[in-house]
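A short worksheet on the structure shown next.
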Amino acid sequence: MELSLPGLVMLQMLCLATGYPNGAPTGACEDMTPRHTGVLPQPSPAPYTLLVNTGTFQPGKAITVTISGPEYRGVLLEARTDGSTNALGSWQLPAPDTKFLQCTGNPQGAITHANTNLKGKSTSYSWIPPDSTSPVYFMATVAQQRSVFWVNVRSAALKRGKPASLGLATEANTGMAKEKPVLLLGICFLMILVLA
């Protein structure tokens, strides 16, 4: 069987177009750049934003991260602190069409695509923060297709929050009593009249 030159070129393009259809390689963990041969990240601002369901974090309390924007096929998502390229915390059960990627020795340190099926706004990811005092942010690389991707899509920073305390509930209850002293005195007065 003899392949013509156009057929050979088409076959080569098909092989190159697949990129990493089963997820990012571990080598991409640090700089989060896909290893697509001959392709550079888009220079334009990303049409994606990382939405987070809270502005603070508490160790062990899940945070939901959603990639907002057009549908996409490839993703690499990590949590980080400033000045470090290490994946932080751990991701919970991956969303459909995604999987864990071991980064910096952390088996659940990142999320990547498991295939090239379209993923969209309804794809959310759940992350468990570690016991850290440093602010945390989420970083993503998002690919619409092999040759169209954006790196350094970053969320706002999350600061460590304080756990809820019983003192707040107690203060709220005493505050209610302080606001209604006349009502309490009135009830006491009525009870004295009824009992007398």
Is there side-chain contact between [X] and [Y], with heavy atoms separated by less than 4.5 Å?
| X | Y | result |
| --- | --- | --- |
| Q58 | D131 | no |
| L88 | S134 | no |
| W150 | P45 | no |
| P129 | V136 | no |
| I67 | T123 | no |
| L158 | F138 | yes |
| P135 | F57 | no |
| T98 | K119 | yes |

Are more than 12 heavy atoms from other residues, nucleotides or ligands located less than 6.0 Å from atom CD of E30?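 Not buried by this count: 12 neighbours or fewer within 6.0 Å.
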
Gap separating the [atom1] atom of [X] from the [atom2] atom of [Y], nearest 0.5 angstrom:
| X | Y | atom1 | atom2 | result |
| --- | --- | --- | --- | --- |
| S147 | L40 | OG | CG | 11.0 Å |
| F149 | Q144 | CZ | CD | 12.0 Å |
| T141 | N152 | OG1 | CG | 6.5 Å |
| R80 | M139 | CZ | CE | 5.5 Å |

Is a salt bridge present between R73 and D97, judged by a nitrogen-to-oxygen distance below 4.0 Å?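 Here R73 does not pair with D97 in a salt bridge, since their nearest N and O are not under 4.0 Å apart.
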
Taking the basic N atoms (NZ, or NE/NH1/NH2) and the acidic carboxylate oxygens, is any pair closer than 4.0 Å for D82 and K159?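 K159 and D82: not salt-bridged.
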
Under 6.0 Å between ring centres: does that hold for F100 and W91?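 Ring-ring flag for F100/W91: false, centres at least 6.0 Å apart.
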
Close aromatic pair by centroid cut-off 6.0 Å: Y72 and H113: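 For Y72 and H113, the ring centres are not under 6.0 Å apart.
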
Within residues 22-119 or reaching into it, pairs that qualify as disulfide (SG to SG under 2.5 Å) - sequence neighbours excluded: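 Sorted pair list: C29-C103.
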
Honestly curious: do [X] and [Y] fall in one hydrophobic cluster under the side-chain, below-4.5 Å linking rule?
| X | Y | answer |
| --- | --- | --- |
| Y137 | L50 | no |
| V142 | V148 | yes |
| M32 | V153 | no |
| V151 | V39 | yes |

Contact summary for [X] and [Y], nearest pair of heavy atoms:
| X | Y | answer |
| --- | --- | --- |
| E71 | L118 | OE1-CD1, 3.2 Å |
| L101 | A24 | CD1-O, 3.4 Å |
| A140 | L77 | CB-CD1, 3.9 Å |
| P107 | G105 | CD-O, 3.3 Å |
| I128 | Q92 | CD1-NE2, 3.5 Å |
| T104 | A87 | OG1-N, 3.4 Å |

If only atom types and distance count, is the side chain of [X] paired as donor or acceptor with the main-chain N or O of [Y] below 3.5 Å?
| X | Y | value |
| --- | --- | --- |
| T112 | V75 | yes |
| N53 | T64 | yes |
| Y48 | A143 | no |

Does D31 have any salt bridge (Lys or Arg N to Asp or Glu O under 4.0 Å) partners at least two apart in sequence or in another chain, and if so, which?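 Testing D31 for salt bridge (Lys or Arg N to Asp or Glu O under 4.0 Å), a comparison that skips the adjacent residues, returns R35.
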
Report yes or no: do T66 and S124 form a side-chain donor-acceptor pair below 3.5 Å?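 A donor-acceptor contact under 3.5 Å links the two side chains.
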
